[in-house]
Structures are given as structure tokens and as C-alpha cells.
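Contents: one structure, followed by commentary.
Ligands are counted one by one from 1 in listed order, and the atoms in each one are counted from 1 as well.
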Amino acid sequence: MISRRRWLQGLGLALGASARPRGAFARLEREANTQQTTSSQPLVLTDYQPKSMLHVQETRVERARFPVVDVHTHISVSAKPEKGVDVTAARTYLGTAEELLPVMDRKNIHTMINLTGGFEEGLTDVIGKYDKRFPGRFYSFVEPSYPRFLQTDYPRIQAQAIETAHLAGAKGLKIVKALGLYLRESITSGKLVKVDDPRFDPMWDACGQLNMPVAIHVSDPLAFFTPTDRFNERYEELNNHPNWSFYGRDFPSNAELLEARNRVFARHPRTQFVVLHVGNFAEDLGNVSDCLDRFPNMSVDIAARIGELGRQPRTARRFFDKYQDRILFGTDATPHGDVTPQQVFNDKLYEIYYRFLETDDEYFDYAPADVPPQGRWRIYGIGLPEAILQKVYNQNAERLLRIKV
Ligand SMILES: [Zn+2]
């Protein structure tokens, strides 16, 4: 049984005739057209899985050319998020170190950075389970203690929490997109808190003083801010995850979010910001380039955006040339994250990233999935030279995180 909603998603493949011929010939042609029309059936979009007939070079890159620091993974997550906000310190673990290490060794991943390390006792637990047991293979980032947001001296408490986390072994601070899109004045209700809210200023400064880079995710793909309709290039993804849409309601626009973020970068020049997902605007590398030119304290990772970079391979290649010292390797890898194939932690995912960065292969899938999960297109490799690969795979991360691979 096809629901009405799915039916509406169907693709009508019949084309309407524009200029109609006259006379007997026209009648014959009309009959032929009618037969053709009746034999063509609408096809439900979710059933459409075209196989490419293109014969092109296919390179399998099993191991990265140089040891990798994956600066963007999620090994632990909040045990109890509420309306998009991390409200308890407790963590849920998505994969054990013993489970992750064999994949890391096969794929030449020297180090994984677990960005969502949480805070307070949750963070201590994470560092004990991974960082301390396998030194150099895992590092964790701290996250803001949002449950304390309503305490009167939150700004000071939060700056202090960064220092405590630093002493416990946290390598940096992670800001999830909750800031700007979910965190509200009464934590889960009230007005949205702005990204450049001054209550966070002591936190940004503390990170600068302690040489802890801030991995920051602000806003989301541009298509998530437009209606989920037939013009949306990520229609299927948004239809599968309706809560990923930030269109309407009281959400700020993508531009407003990025402007507030930029004001934070300008106000805290001694704090290093790694702006995740290609500066959160992989659809507009011109904009990301402008930001990188304006803010020397900004760098980017490429996590979950090879789908964007790889569909504009010539622009992306120039971008890597120009900003080769400020681009970090990241994937957003999540153990057992099968619902989002573009970030599932497995061999296949890493092979796709390596193929994109290292080869000139054309028209291949950006995620291990039957249907491209972030929009129906394929990507092209950018064949980076060794010197740039080495910087992106590990040297830029080594410098920023003060680690040795
Ligand atoms: Zn992430």
C-alpha cells in the first residue's frame, strides 16, 4: 500500500507534447504517443536507485598515504539530551576502544579525536576509558556545562570548568549546533540564546589562554533552512529527518548564525577556532575563503562534507591549495551510525575519504549507501599532492592540538 504522501513523492516521467501536428499523420502519432504514455508509470522517488553506466577508473585506497588524525568523531554522546541540549553529564558509549582500534590500524588512523566528550564526571569517565588507556590514540574534547546555564555566575563557572577539564586531560572545547539553534534562556524553553552571547566570553578566553582549540559547529547545510519541498536538493534527507529542518518557527537564518559566530572570532583573536564541516558553509567556498582571510584564528575540517567538496572539485582543489595549512581531516565518524551512512565509522567510509583526497577518480559515491544520503549526486577526486596530503592528514592537527603523530 503506497501512502498518499509517498505517492506525491512519485516522479511523473511522461512528457507533455507541446507542438501538435495536424491531419492523419497527427492522429497516428497521437495514438503512438498514447500507447507510450500508458506504458510509462510514475516511479516513487524512494524506489529510484539508478546504476551508473559510466566506465571510469576506480581506485581503491585501503590506507591513507600518511598517518591520519581524525579530528572529528563521536565515540561518546549525551545519555539524555533534551530538546537538542545536553542536560546531564552522563555519557552513552557508541563503541569500545577495543572495537575501534583494529579499524584504525587497518585504515592508518593514528589518532581519533572524540569531540563529544561531555563535561564534569562524564568527561572524566570518557578520558579514563579511552585517552588514558591508549595514550596518543584517543583524545577527548570538553563541552559546555549547559545545565549550569541558569546559575547567576555561569560565565565564571563555565570558564573555571574549562580549566578543570584541561587539567583532567581535555584537548579542546567542542560546541555543538545547540548553540544558536536549541539552547534557550531557560535551557530548553524561552528565547534562543545567540552564538555571540557575552555570557560565553570568559569561556572563549579561557580556551585561548590554555591553548585549547574550539571545535565549533554553528548553523547547518543551507538546504535545511529552506522548505522541505520538491525544490529542496536534500528533500529525501529532510523528509527522513524532519527535525533537521530549521525552516520557519523562531530559527535565525543561516546568515544571522554565521554573522554572530564571526563576531565571536573577531572578539577573541587569541583563541583558535576549528570551524567544523568546512566552516559550516561548504556550499559557498567563496564565503569560507573570505572568513579564513578575515580571521587568522580560524581553520576548518572537512567532516561530512566531501559530498559538497567533491561536487565542485575544481573550486575545492583551489581551496585546498590556498588554505593547505588550515584544513584538517575529519569525518564525523560515529560507531554503528548506520542511519547516517555519510558518517558511519567503518572501513568503507575512510576509503571514500582517501579516494576523494588522493585520486583523480570521477563520479563515485560520497557515502557507503545505495542512495546518496545528502543529496542525489556523486563526487570527483581532487588528487592532492603529497605535501598537502601530509598537512591535511596530520601536520595541521599536530600543530593545532600540540600532539605528535
Ligand atoms: Zn559531528
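In this view, Asp229 and Pro227, Phe231, Asn232 satisfy the side-chain contact (heavy atoms from CB on, under 4.5 Å) rule, not counting sequence neighbours. By the side chain to side chain donor-acceptor pair (under 3.5 Å) test, Arg148 is found to be paired with Glu120, residues two or more places apart in sequence or in another chain being considered.
Side-chain contact of Tyr93 with Asp125: a donor-acceptor pair under 3.5 Å is present, judged by distance alone. When only modelled atom types and interatomic distance are considered, Tyr393 and Asn108 share no side-chain donor-acceptor pair under 3.5 Å.
Each protein N/O/S atom under 2.8 Å from the Zn ion (ligand 1) was counted, for a total of 3.
Aromatic ring orientation, Phe246 versus Phe251: perpendicular (interplanar angle above 60°, classes split at 30° and 60°).
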Let me check something: any side-chain donor-acceptor pairs from residues 161-179 under 3.5 Å, sequence neighbours excluded? List them with distances.
from   : atom 1 : to     : atom 2 : distance (Å)
Thr164 : OG1    : Gln160 : O      : 3.0
Lys177 : NZ     : Asp220 : OD2    : 2.7

